[in-house]
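Before any comments, here is the structure.
Everything numeric in this text was worked out from a predicted model, so none of it was measured. Order of appearance sets the numbers: ligands from 1, and atoms from 1 within every ligand. Scope of the values below: all heavy atoms of this structure, side chains included, with no hydrogens, waters or symmetry mates.
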Amino acid sequence: MTAENRIHQLRAELDQHNYRYYVLDEPSVPDAEYDRLFNALKALEAENPHLVTPDSPTQRVGGTALAAFDQVRHAVPMLSLGNAFEEADLREFGRRVTEGLDLPSADLLDDGAAVDYSCEPKLDGLAVSLLYRDGQLVQGATRGDGTTGEDISTNVRTIRNVPLKLQGSGWPDELEVRGEVFMSKAGFERLNAAQAEAGGKTFANPRNAAAGSLRQLDSKITANRPLEFCCYGVGQTSAPVASSHIDTLEQLKAWGLPISRELRHAAGIEECLAYYHDIGERRNALPYEIDGVVFKVNSLASQRELGFRAREPRWAIAHKFPAMEELTEVLDVEFQVGRTGAVTPVARLRPVKVAGVTVSNATLHNMDEIARLDVHVGDTVIIRRAGDVIPQVMQVVLDRRPTDARAVLIPSQCPVCGSPVERTQLVKRSKGKATVSEGAVYRCVGRLSCAAQLKQAIIHYVSRRAMDIDGIGEKSVEQLVDEGLIRSPADLYTLTYEQIVGLEGFADVSSNKLLDAIKASQRPTLARFIYALGIPDVGEETAKVLARSLGSLARVQAALPQVLTYLPDIGLEVAHEIHNFFEAEHNREVIAQLLDSGMHLQEEGELAAEFAASTTLAGLIGKLDIPSVGPTGADKLVAKLGSLEAIIAADGIDLRQALSAKPADAVRTFFQSEENQQLAYAIEAQLLDFGMHWSSEKKTAEGLPLAGQTWVLTGSLERMSRDIAKEHLEGLGAKVAGSVSSKTHCVVAGPGAGSKLTKANELGLKVLDEDQFIGFLAGHGMGV
Ligand code: 9MJ
């Protein structure tokens with residue numbers, strides 16, 4: 001086949017996949033396959049630049065930046081819509097339509113004779129016009145003032161679901177379509193996260209993000225923004241498309257233009273109202289933001305008959321939802337102290353209704369957020385309540401800042417207990433080094449001596465998923481703390497009937513019930529107990545992993561961070577949090593008190609089998625994070641030198657027999673530090689102490705069941721860490737590789753597996769999910 005034919009074939013195939021993906025919402029091939037076709041086309045076009053055409057799917061990358069946008073005059077003006085806010089407004093609209101069409105009023109009509117309306121969600125983006133001549137996209141324009149807009153042709157060409165040429169047949173020579181360019185909620189979140197990461201400007205809402213992205217003079221920027229298009233009508237056309245609005249949209253869809261999936265018919269205003277309520281209920285679940293729904297008289301003949309009033313059509317109306325953003329005033333900023341002592345600024349607002357709910361507080365998260373927003377007390381701010389999400393302060397309206405606006409400062413002392421407030425430090429660990437920087441969070445150092453932290457700690461401790469002590473609510477915890485009856489969770493167990501019955505809301509029966517509930521909580525599983533302690537970053541799942549893997553509180557308390565990272569889903573940062581928690585004197589005291597109070601933990605006692613199974617010395621060397629020494633280097637070191645003592649004692653010459661110069665020197669330098677030597681010995685001692693069958697001799701693979709096989713692990717494993725899975729496989733003689741090829745014997749794919757799994761399927765390789773893998777290991781005598 002000639003290059004030219006192949007290029008045509010690839011384009012046709014890509015256009016078809018795009019259509020299936022963006023318009024029909026039925027992806028036909030995995031992303032990886034699309035990428036392969038796309039790259040093949042790009043390569044062919046690079047070899048044959050004379051064959052590149054503007055409608056090629058590769059031409060969505062943007063062009064040279066403009067100095068300004070040209071003006072475009074709309075042949076048919078781009079309309080705005082009248083609004084209905086209340087049901088009565090909509091009924092009034094319906095009445096005007098029936099009157100205008102000279103029909104009997106709705107209550108005189110037979111059911112079947114009601115006016116036919118189209119219903120569409122009202123997307124909150126920017127109205128644009130796209131002009132297709134002979135099926136080719138030739139121009140894109142903004143609405144502007146409705147008569148004159150801006151030429152944004154190069155920008156719209158970068159929007160993935162805007163067809164560069166129409167498909168099918170029968171379109172008018174000149175076809176102007178109209179619709180909304182918008183950004184999905186997910187696209188908006190992704191863009192803002194990326195902007196924040198790069199230190200760039202973040203956007204207040206998806207609409208602003210869409211507007212800011214589309215009106216870029218440099219279309220290369222637009223090309224990298226997650227914009228989408230949705231078609232809702234036509235403008236100038238050289239021939240009629242259909243005789244009703246819905247048929248027009250369906251026809252546009254057949255030509256490759258994306259239309260709303262929510263497009264529906266409604267017979268009469270009551271059905272329109274039902275649509276409004278249905279979409280309203282699903283509003284939060286939609287992947288994009290809408291500010292209402294649009295109803296249009298479906299018959300184009302009726303539309304013509306109704307005509308316009310000023311600039312608004314008499315045949316369409318936007319029925320708005322309650323606004324998600326409102327303006328209000330920051331009356332004060334107060335600081336709240338949470339369970340871990342974090343001192344969080346909270347804005348007290350002049351109460352305002354946002355999307356139907358009165359908002360009078362909004363968290364400002366931390367001092368960095370206050371600096372980013374530049375919030376002062378007295379400022380007017382934009383409050384936004386997107387769906388079920390907690391209200392957010394999005395922006396300060398600087399024009400409205402009063403002269404006496406007051407800057408927000410972090411208090412130097414805890415507003416609850418008066419202890420010093422300290423800025424947290426962020427510790428980043430990499431290559432055996434810890435780098436410390438300032439965190440955004442400030443903490444009260446008072447711990448359980450701070451009433452706020454104590455209250456939260458107790459509320460967490462007694463909660464259902466923690467110790468599950470029924471009969472004690474937040475209010476009673478507050479009273480118990482305020483009256484000095486409890487100073488730590490351990491004091492719950494010394495409460496007396498007399499103390500409880502004196503509390504508000506407690507009588508004889510409820511007091512006894514509470515005492516019983518406290519007593520009944522004294523035999524918790526280890527996992528519940530660990531979770532109840534409220535260790536920062538340790539949720540229920542991590543608590544379960546700790547309990548299940550280590551089997552006893554003593555081991556969890558003693559575990560070194562590097563040893564904790566052997567467990568599934570525990571990274572070094574969390575491992576340090578856990579370790580630091582148990583190192584802190586006052587936490588040790590509380591735990592000792594709890595254990596003394598008659599607590600009887602249900603511990604397995606045993607180390608989990610997966611953990612007790614032989615782990616390699618090479619694995620330990622890997623945990624030390626010595627610069628330039630990866631898994632292969634660690635293997636070589638162990639193969640040559642045999643034991644940790646030997647590696648530590650080795651001189652430069654010994655080491656260079658195992659490794660090349662750079663990693664050999666790195667190992668030498670690393671172990672010249674007394675501290676690092678001790679760390680390595682301590683990890684080794686702890687692994688042995690925990691009952692690992694330590695083996696420093698490298699087994700030869702010969703004779704093992706998986707000898708000569710290559711396995712690949714991909715996705716996340718939930719019941720086993722990757723390290724352990726790898727060690728098990730190696731224990732059975734397999735090599736564990738990082739990438740899939742035709743030489744791979746088997747792929748273990750956990751949740752979230754991506755391109756490696758796709759490739760394995762394409763190559764027809766054997767694939768095991770986590771359960772099957774665990775079953776396989778069990779079959780070889782390896783338990784979890
Ligand atoms: C939006 N914004 O979703 C119209 N719109 O029709 C829909 N806007 C419109 N239709 C005529 N779905 C003028 C504007």
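- Judged purely by distance below 3.5 Å, without hydrogens or angles, the side chains of N161 and E228 never pair a donor atom with an acceptor atom.
- When heavy-atom distances to ligand 1 are checked against a 4.0 Å cut-off, V294 comes that close only through its side chain, counted from C-beta outward.
- Atom CD of Q71 sits in a sparse spot, with 12 or fewer heavy atoms from other residues, nucleotides or ligands closer than 6.0 Å.
- The protein non-hydrogen atom at the shortest distance from atom 11 (C) of ligand 1 is L81 CD2, 3.8 Å.
- Remark: ligand 1 atoms within the under-4.0 Å shell around heavy atoms of E120 are 7 (C), 10 (N), 12 (N).
- Judged purely by distance below 3.5 Å, without hydrogens or angles, the side chains of R11 and T53 pair a donor atom with an acceptor atom.
- Near E180, with a cut-off below 4.0 Å to any heavy atom, the atoms of ligand 1 are 2 (N).
- A donor atom on one side chain and an acceptor atom on the other are not found under 3.5 Å apart for H245 and E250.
- With a 4.0 Å cut-off on non-hydrogen atoms, P121 touches ligand 1 through its backbone and not its side chain.
- R348 and N361 share a donor-acceptor pair across their side chains, judged by distance under 3.5 Å alone.
- Nearest to atom 10 (N) of ligand 1 among the protein's heavy atoms is K296 NZ, 2.9 Å.
- Under 4.0 Å from ligand 1, not a single heavy atom of I290 appears.
- Between W171 and W255, the angle of the ring planes goes over 60°, which puts this pair in the perpendicular group of the 30/60° scheme.
- At the top of the distance list for atom 9 (C) of ligand 1, counting protein heavy atoms only, stands Y232 CE1, 3.2 Å.
- Among protein heavy atoms, the minimum distance from atom 3 (O) of ligand 1 is reached at L123 N, 2.8 Å.
- Contact annotation: for K122 versus ligand 1, heavy atoms closer than 4.0 Å belong to both the backbone and the side chain.
- Under 3.5 Å, the side chains of S129 and E176 contain a donor-acceptor pair of N or O atoms.
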